[in-house]
Every structure is written in structure tokens, then in C-alpha cells.
Amino acid sequence: MLAREAGISVQQVRNYEQAGLLPPATRSAAGYREFDESHRRALASARSLVGAYGWDDAVTIMAAVHRGNRETAVACIDRAHAQLDRERDRIEQALHAFEVVVTHPLDADPRMAAALDQMRRQSRPLRIGQLADLLGVRTSTLRFWDRAGLIRPAREQVTGYRVFDVDAARDAHLVRLLREGNFPTTIIRAALDEMHSSPDGRPERVGAELHRRRSQLHQSSWARLRADAALMTYLDWRDNPGLVSDQRAGGGSTRIRPRR
């Protein structure tokens with residue numbers, strides 16, 4: 001009956017109990033699992049948590065509650081909310097970074113245009129000194145960006161010199177542009193990763209994807225708040241089962257046939 005009420009399979013109910021998402025069920029003389037109102041309420045809270053936090057965090061939270069260790073449960077909830085906050089901040093900074101890029105098209109910048117023109121004229125990639133002169137940065141700066149993983153120039157096979165093709169030069173120019181905007185290295189790296197993962201690398205498309213992920217993040221935040229509310233309702237009932245109103249008509253227990 002418990003599985004039917006929740007719209008899930010009997011095996012799923014067993015899995016929930018074994019994982020600690022439900023309190024341990026008692027057994028009848030015939031070996032049936034017996035579930036009562038505490039399991040109904042726990043199942044409603046657990047399913048909300050699984051949908052909002054994922055299986056692993058939901059198990060950590062509910063199993064800790066059923067062990068009487070609420071400190072572990074609330075610590076897991078705090079970490080999950082903090083993770084969303086960090087991701088939200090990263091997305092907002094990345095969006096700001098791409099606004100800078102969109103308003104300053106890379107190839108339209110005179111310095112980048114000069115670098116592309118030089119590559120066309122010499123029919124080969126630029127060496128580090130050439131690119132540094134054209135972009136208006138020091139060679140030591142380009143080497144630092146390389147060591148930091150922000151740019152990925154190739155190497156000449158004979159000399160081992162760093163050389164920059166069109167894509168590597170654009171990356172260097174983007175890093176320079178964002179560094180001038182005082183963006184931290186973590187955001188610059190994230191912006192480059194987004195550009196490289198985009199099918200065509202267009203900043204406008206990357207920005208649209210970031211907006212989509214920001215919207216998903218807001219939805220996740222609200223889902224977790226609803227799950228938190230469901231958990232608090234369950235905890236209040238566990239603390240004061242006689243004081244919390246029961247909207248269910250009747251009570252009693254339900255049974256699940258044991259597996260043979």
C-alpha cells in the first residue's frame with residue numbers, strides 16, 4: 001500500500017529503507033515488512049530530497065536523521081546550498097566576462113587584427129615575441145599564462161619555442177582583455193573553457209548557455225528550499241507526533257511481502 005500511495009514500486013520502497021531514507025520497518029510474525037505513518041512521512045520527505053539534492057546527499061541527510069544525528073544532516077544541507085551559491089557567483093562573473101568580450105569583438109581589435117595579418121603574411125604561426133609585441137604584453141606574461149593553463153601554444157619541434165596559431169592567439173588576446181577587466185584567473189579559465197566547449201566558440205552562444213544554466217540554478221535553489229520545508233515538516237512530526245496535525249484519514253500500518 002505504501003508503494004502504491006507513493007506511485008513507486010515495492011522494490012523502490014525496499015531500496016529506500018535499506019539506504020536509510022526510511023526508518024527501519026518492523027516485521028510481522030509472517031515476515032512481512034510493516035510500515036506506518038512514520039514511513040509515509042519519511043517517504044514524502046525523502047522523495048523531495050532525492051529530487052532536489054540527488055540520491056547521495058538525500059541518503060546522507062535522511063540516514064543521519066534516523067540515526068539521531070541531525071548535525072550531520074544540516075551540515076550536508078549547508079554544503080549543498082553553499083555549492084549552489086559558489087556556482088551562481090561563478091556564472092555571474094562569467095556572464096560579466098562575456099559581456100566584455102561581446103562588446104569588444106576579438107578580431108575587430110586592432111592588436112588582434114595585426115596579429116592575424118602577420119600570420120597571413122608569413123604563412124606560419126607567430127613566435128612568442130611576435131605575439132607579445134602585437135598584443136602589447138610582455139613575453140614573460142605570455143609564459144605565465146601558459147604555465148597557469150590559460151593559453152596553450154604549440155612548440156616548434158626543433159627549437160622548442162612557443163608558437164601561436166590563430167586559436168592560441170585569440171585565447172591570448174581574450175586573456176589580455178579579461179585581465180584588463182580585473183577578472184580573476186579562475187573566471188578567465190572558466191570563460192576559456194566555455195568558449196572551447198561551444199560548437200562554434202561564439203561568445204554570444206556561450207553567453208546564452210550561461211543564461212540557461214543560471215535559470216536552471218535558480219530552479220535548483222527553489223527545489224532545495226521546498227525539500228528543506230518537507231524535511232522540517234517531517235522532523236516536527238517526529239519531535240511532536242501528537243501535536244502536528246495529521247491530514248491523512250485513519251492510520252495503521254501497511255505490509256510489503258518479503259522477498260523469497
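Everything numeric in this text was worked out from a predicted model, so none of it was measured.
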Is the side chain of [X] donor-acceptor paired with the backbone N or O of [Y] at a distance under 3.5 Å, no angle test?
X    : Y    : result
E17  : A25  : yes
R224 : A52  : yes
E180 : L177 : no

Please check if atom CZ in R4 has more than 12 non-hydrogen atoms from other residues, nucleotides or ligands closer than 6.0 Å. no
For Q157, does the CD atom sit with more than 12 other heavy atoms under 6.0 Å from it, leaving out its own atoms?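 Counting neighbours around CD of Q157, 12 or fewer heavy atoms of other residues, nucleotides or ligands fall under 6.0 Å, so no.
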Is it the case that one hydrophobic cluster holds both [X] and [Y], taking links as side-chain heavy atoms less than 4.5 Å apart, direct or via other members?
X    : Y    : result
L116 : L134 : yes
L49  : M232 : yes
L235 : I61  : yes
V74  : M62  : no

Can you tell me which residue pairs pass the ring-ring contact (aromatic ring centres under 6.0 Å, His included) test with a partner in residues 120-155, sequence neighbours excluded? none
Between Y53 and C76, does a side chain to side chain contact (heavy atoms under 4.5 Å, CB included) hold up when you go through it step by step? CA-CA 10 Å; Y53 287 86; C76 182; 5.9 Å; no
Find out whether L217 and R212 are in side-chain contact, i.e. whether some heavy atom of one side chain is under 4.5 Å from a heavy atom of the other.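 A side-chain contact under 4.5 Å is absent here.
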Looking at side-chain heavy atoms only, is the closest gap between R155 and V163 below 4.5 Å?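 Answer no - side chains too far apart.
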Taking [X] first and then [Y], would you say they form a salt bridge - that is, a charged N and a carboxylate O separated by under 4.0 Å?
X    : Y    : value
R111 : D133 : no
R152 : D146 : no
E156 : R162 : no

To the nearest 0.5 angstrom, please state how far the [atom1] atom of [X] sits from the [atom2] atom of [Y].
X    : Y    : atom1 : atom2 : value
H218 : I91  : NE2   : CD1   : 8.5 Å
R27  : R33  : CZ    : CZ    : 4.0 Å
N15  : S9   : CG    : OG    : 7.0 Å
L178 : H173 : CG    : NE2   : 10.0 Å
R79  : L84  : CZ    : CG    : 13.5 Å
L174 : I151 : CG    : CD1   : 11.5 Å

Can you list the steps and then say if I8 with L2 is a side chain to side chain contact (heavy atoms under 4.5 Å, CB included)? CA-CA 9 Å; I8 60 178; L2 182 63; over 6 Å; no
Think R40 forms a cation-pi with F35, using NZ or CZ under 6.0 Å from the six-ring centre and within 45 degrees of its axis?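 Not satisfied by the 6.0 Å and 45° rule.
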Do Q83 and E87 have side-chain N/O donor and acceptor atoms under 3.5 Å apart? no
Side chains of T139 and R143: do they bring a donor and an acceptor to under 3.5 Å? yes
Determine the sole option in R88, H81, Q216 for which the side-chain contact (heavy atoms from CB on, under 4.5 Å) test with S221 is passed. R88
Please report the C-alpha distance between I188 and L192 in whole Å, then the side-chain angles of each, then the deciding distance to 0.1 Å, and finally whether the side chain to side chain contact (heavy atoms under 4.5 Å, CB included) criterion is met. CA-CA 6 Å; I188 295 174; L192 287 165; 4.1 Å; yes
Intermediate values then yes/no, side chain to side chain contact (heavy atoms under 4.5 Å, CB included), R47 and Y16: CA-CA 9 Å; R47 296 190 71 197; Y16 272 52; 3.8 Å; yes
Residues 54-68 vs side chain to side chain donor-acceptor pair (under 3.5 Å), sequence neighbours excluded, gives H66-Y234
